[in-house]
Amino acid sequence: MLYNLYEYLHHTLGMHLWDLPALLVAIVTAAVLIVHSRNQKKREDDFNEELQKKLEQMNKEAVESVQA
């Protein structure tokens, strides 16, 4: 069975036996990187939004303390 797979990959597709697992690993790695990148972007956006809210609150408190 393994020999038949080798024959099919090598002669029909022109690939070596280790190319198929390497291709699958590359696809999985790319998918993980894409998902991680999207999640990281979302975390950064949430952090920046929270930071902006805290800065606005601190600014408001500073203005109120100066006026008082």
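Because the structure is a prediction, the values reported are computed rather than measured.
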Measure the [atom1]-[atom2] distance between [X] and [Y] for me, rounded to the nearest 0.5 Å.
| X | Y | atom1 | atom2 | value |
| --- | --- | --- | --- | --- |
| Leu20 | Tyr8 | CG | OH | 10.0 Å |
| Glu56 | Glu61 | CD | CD | 12.5 Å |
| Lys41 | Asp46 | NZ | CG | 11.0 Å |
| Asp19 | His16 | CG | NE2 | 6.0 Å |

Output, in order, the C-alpha distance, side-chain angles, deciding distance and verdict of salt bridge (charged side-chain N to carboxylate O under 4.0 Å, His left out) for Lys54 and Glu50.
CA-CA 6 Å; Lys54 286 184 179 181; Glu50 186 176 330; 3.5 Å; yes
Is the shortest heavy-atom distance from the side chain of [X] to the side chain of [Y] under 4.5 Å?
| X | Y | value |
| --- | --- | --- |
| Met15 | His10 | no |
| Asn39 | Lys42 | no |
| Val25 | Thr29 | yes |

Salt-bridge contact Glu49-Lys53 (side-chain N to carboxylate O under 4.0 Å)
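Counted as a salt bridge, because a side-chain N and a carboxylate O are separated by less than 4.0 Å.
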Establish whether [X] and [Y] are linked, either directly or via other cluster members, by ILVMFWY side-chain heavy-atom contacts under 4.5 Å.
| X | Y | value |
| --- | --- | --- |
| Leu2 | Tyr6 | yes |
| Leu33 | Ile27 | no |
| Leu5 | Leu13 | yes |

Answer yes or no: is there a donor N or O on one side and an acceptor on the other, between the side chain of Asn48 and the main chain of Asp45, under 3.5 Å?
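No; judged by distance alone, with no hydrogens or angles, the pair does not exist.
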So, does Thr12 use its side chain to make a donor-acceptor pair with the main chain of Leu9 at under 3.5 Å?
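Not a single qualifying donor-acceptor pair exists.
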Would you say CZ of Arg38 has more than 12 non-hydrogen atoms from neighbouring residues, nucleotides or ligands within 6.0 angstrom?
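Atom CZ in Arg38 is not packed in, count stays at 12 or less.
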